[in-house]
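First comes the structure, then the notes that go with it.
Because the structure is predicted, anything quoted here is derived from the model rather than measured. FYI, side chains are in, hydrogens and waters are out, and symmetry mates aren't considered; it's all heavy atoms of this structure. The chains referred to below are lettered A, B, ... by the order of the sequence lines, with proteins before strands, and numbering in each begins at 1.
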Amino acid sequence: MAKAPILTPQAEDFPRWYQDVLAKAELADNGPVRGTMVIRPYGYGLWERMQSEMDARIKACGAENVYMPLFIPESYLRREAEHVEGFSPELAVVTHAGGKKLDEPVVVRPTSETVFGEFMAKWIQSYRDLPLLLNQWANVVRWELRPRMFLRTTEFLWQEGHTAHATRDDGAAYATRILLEAYQDFMVNVLAMPVLVGVKTRRERFAGAINTMACEAMMGDGKALQMGTSHELGQNFAKAFDIDFLDAGGQRQLCWTTSWGTSTRMLGGLIMCHGDDAGMRVPPRLAHVQVVVLLVRDEDGSGEAAQALVDRLVAAGVRARLDAHTSASFGRRATDWELKGVPVRIEVGPRDLKEGKVTLVRRDEDGKVAVGLDAVPAAVAAALLGVQDGLLAAATARRDNRTVSVGTIDEAAEAAQSGFARIRWSVLGEQGEEVLAAKAITVRCLQNPDGTIPAEIDDEVVAVVARAY
RNA sequence: CGGGGAGUAGCGCAGCCAGGUAGCGCACCUGCUUUGGGAGCAGGUGGUCGGGAGUUCGAAUCUCCCCUCCCCGACCA
């Protein structure tokens, strides 16, 4: 008798599939306040790995971590006109505290450009203080009208970097460096997501920025997800917060600032990029559980053998975990680990052990292979590399198969129903962008024909358009 | 805010029209048999039926008021 599928099949209802994965892989629950979420241990473990990998890359780019307060005076937001206009509709404002009405309302940070601006102004006096490269890991709140778990929640976790530079070129170079060396490198090499990089159109630009760059990924249903952004803020915030310095010639000058962020949204992107009808598929370099050793049944010393195998793998630097819950059936446990997307599973039972073997299964492929006990560490290492490459190759193939180059706006609208469309920006233009926006299609980024970030918007520049989350 | 639905066990739902003191599936607990692909059988735990008022001998069910949530449209990491 055919069993009902564990998850709603992707082809039947992709959003429903996504919700099913969140619940069945024990990633997150809805919080009690609309738009909030409770991140469960398995989901949070993935976020911690993301933090760890991203943090190392950010520090390699020279930035240091700080912590700024959750509460911001409302007046700060008002100092930068575009910024307040962009964010005021989604602010959470505290008007009462300590049992009385506050003289000045306090906003819960939606992002921290303003507080960083205020304090960078204090800390920067001389050109010798530049560049000032700061980052923080924090929660922020934006009162979203239509929340979606991980993708758009009222409160989310992120890192936000804020830097100040002596020249426009230096700021632009740093914003680009973060986008490429921290963000793109992490997304491609750890998350196995082949993100596109490019600049945003004026319509899609961050509130208060003079240039916004982004990493854009394609999800399993062909829609786009912005995975991270890096902004040149010009001198807008420097003007608003008096971030200035004395240059080598003793002249007072305004700084050029940047900001850049990636969030728990990446977790949603990871699920929708690699997941299949059996659940998540977590790339090994990210996975906090890279290998699960599944004890089939505890007989004839198989329990001890499984534990010894886990110990050997851990000693070899593999993030391995033992599943010895033999009170649950084999099939149930195998299914549960597949839902969680653990890259490699090793099945240990008396039948194979009798021949000195165990069974190895890759999450990204069908089929199992028998491996001699002594050969397990090498086989695991090879399998982990294989899954990492396999996931990136599959995501890249899908992105390329579902991206078409078109010559007209109508063709772009048609192509964006199932994937990405590439159209010359000189053909589309801001008017064409409005036409597509009416059909819920947006310009995800502008690129050079070879996929690099354009230094200037010339006739060669290509717009990548798609429906987006 | 505009339009459409729904609130009954942890989750998913039936019961409501034709009032009689709450039921099904999953989950959970106990026992036995199982365990190499979502176990089976038996027994069991768990609900002031979103809140309040009213009608009635009696309300999940009928009436009124309130609250909340979800889905579809305009913003966003």
Say we look at [N] and [M]: how far apart would their [atom1] atoms be, to the nearest angstrom?
{"N": "rA27(B)", "M": "rU63(B)", "atom1": "P", "value": "38 Å"}
{"N": "rU61(B)", "M": "rU8(B)", "atom1": "P", "value": "14 Å"}
{"N": "rG54(B)", "M": "rC72(B)", "atom1": "P", "value": "40 Å"}
{"N": "rU68(B)", "M": "rG31(B)", "atom1": "P", "value": "46 Å"}
{"N": "rA42(B)", "M": "rU48(B)", "atom1": "C1'", "value": "32 Å"}
{"N": "rG19(B)", "M": "rU55(B)", "atom1": "C1'", "value": "11 Å"}
{"N": "rA60(B)", "M": "rA9(B)", "atom1": "C1'", "value": "14 Å"}
{"N": "rA59(B)", "M": "rG52(B)", "atom1": "P", "value": "14 Å"}

Review point. Can you say whether the rings of W137(A) and W47(A) are parallel (under 30°), tilted (30 to 60°) or perpendicular (over 60°)?
Key: perpendicular
Using whole Å, what does the distance between atom [atom2] of nucleotide [N] and atom [atom1] of [X] come to?
{"X": "R363(A)", "N": "rG37(B)", "atom1": "CZ", "atom2": "P", "value": "17 Å"}
{"X": "M149(A)", "N": "rC70(B)", "atom1": "CE", "atom2": "P", "value": "11 Å"}
{"X": "Q136(A)", "N": "rA77(B)", "atom1": "CD", "atom2": "P", "value": "17 Å"}
{"X": "I346(A)", "N": "rG37(B)", "atom1": "CD1", "atom2": "C1'", "value": "18 Å"}
{"X": "L22(A)", "N": "rC11(B)", "atom1": "CG", "atom2": "P", "value": "17 Å"}
{"X": "L151(A)", "N": "rC75(B)", "atom1": "CG", "atom2": "C1'", "value": "15 Å"}
{"X": "Q19(A)", "N": "rC71(B)", "atom1": "CD", "atom2": "P", "value": "8 Å"}
{"X": "N30(A)", "N": "rC71(B)", "atom1": "CG", "atom2": "P", "value": "9 Å"}

Practice item. Check each residue of residues 41-65 of chain A for a non-hydrogen atom within less than 4.0 Å of any atom in RNA chain B, then write out the ones that pass by number, or none. Key: none
Revision key, fill the gap. Between A437(A) and K24(A), the residue closer to the 5' end of RNA chain B by nearest nucleotide is K24(A)
**Study point:** Contact summary for R16(A) and T8(A), nearest pair of heavy atoms
**Key:** CG-OG1, 3.2 Å
**Study point:** Residue of the set H162(A), E232(A), E113(A) for which side-chain hydrogen bond (donor to acceptor under 3.5 Å, both in side chains) holds with S259(A)
**Key:** E113(A)
**Study point:** E85(A), CD atom: more than 12 neighbouring heavy atoms under 6.0 Å
**Key:** no
Can you identify which nucleotide, out of [options], has its nearest atom closest to the [X] side chain?
{"X": "R332(A)", "options": "rC76(B), rA27(B), rG36(B)", "value": "rA27(B)"}
{"X": "F156(A)", "options": "rC75(B), rG36(B), rA77(B)", "value": "rA77(B)"}
{"X": "R351(A)", "options": "rC75(B), rA77(B), rG36(B)", "value": "rG36(B)"}
{"X": "V361(A)", "options": "rG37(B), rA77(B), rG36(B)", "value": "rG37(B)"}

So what does [X] hit on the nucleic acid, given a heavy-atom distance under 4.0 Å: a base, only sugar-phosphate, or nothing?
{"X": "A328(A)", "result": "base"}
{"X": "D352(A)", "result": "base"}
{"X": "E347(A)", "result": "base"}
{"X": "S259(A)", "result": "nothing"}
{"X": "E338(A)", "result": "base"}
{"X": "G349(A)", "result": "base"}
{"X": "T359(A)", "result": "base"}

Review point. Does rU35(B) have OP1 or OP2 sitting under 4.0 Å from an N or O in the side chain of R297(A)?
Key: yes
Point to revise | Side-chain touch F150(A)/M37(A), heavy atoms, less than 4.5 angstrom | key: yes
Check your understanding: Within the distance-only criterion (no hydrogens, no angle test), does the side chain of R109(A) pair as donor or acceptor with the backbone N or O of M68(A) below 3.5 angstrom?
Key -> yes
Check your understanding: With distance as the sole test, does R281(A) use its side chain to make a donor-acceptor pair with the main-chain N or O of R363(A) at under 3.5 Å?
Key -> no
With both distances under 3.5 angstrom, what nucleotide forms a Watson-Crick or G-U wobble pair with [N]?
{"N": "rG44(B)", "result": "rC28(B)"}
{"N": "rC16(B)", "result": "none"}
{"N": "rC69(B)", "result": "rG5(B)"}
{"N": "rC62(B)", "result": "rG54(B)"}

Point to revise | Donor-acceptor pair (no angle test) under 3.5 Å: R142(A) side chain, rC76(B) base | key: no
Check your understanding: Does any donor-acceptor pair link the side chain of R345(A) with the base of rG37(B) at a separation under 3.5 Å?
Key -> yes
Check your understanding: How would you list, by chain and number, every residue that makes a ring pair (Phe, Tyr, Trp, His ring centres under 6.0 Å) with F206(A), sequence neighbours excluded?
Key -> H83(A), F87(A), H231(A)
**Study point:** Pairing residues for R402(A) by the salt bridge (Lys or Arg N to Asp or Glu O under 4.0 Å) criterion, not counting sequence neighbours
**Key:** none
Practice item. Compare the aromatic ring of W158(A) with the six-membered base ring of rA77(B) and state whether they stack according to the 5.5 Å and 30° rule. Key: no
Review point. Does the cation-pi check pass for R57(A) over W260(A), that is, NZ or CZ under 6.0 Å from the six-membered ring centre and within 45° of its axis?
Key: no
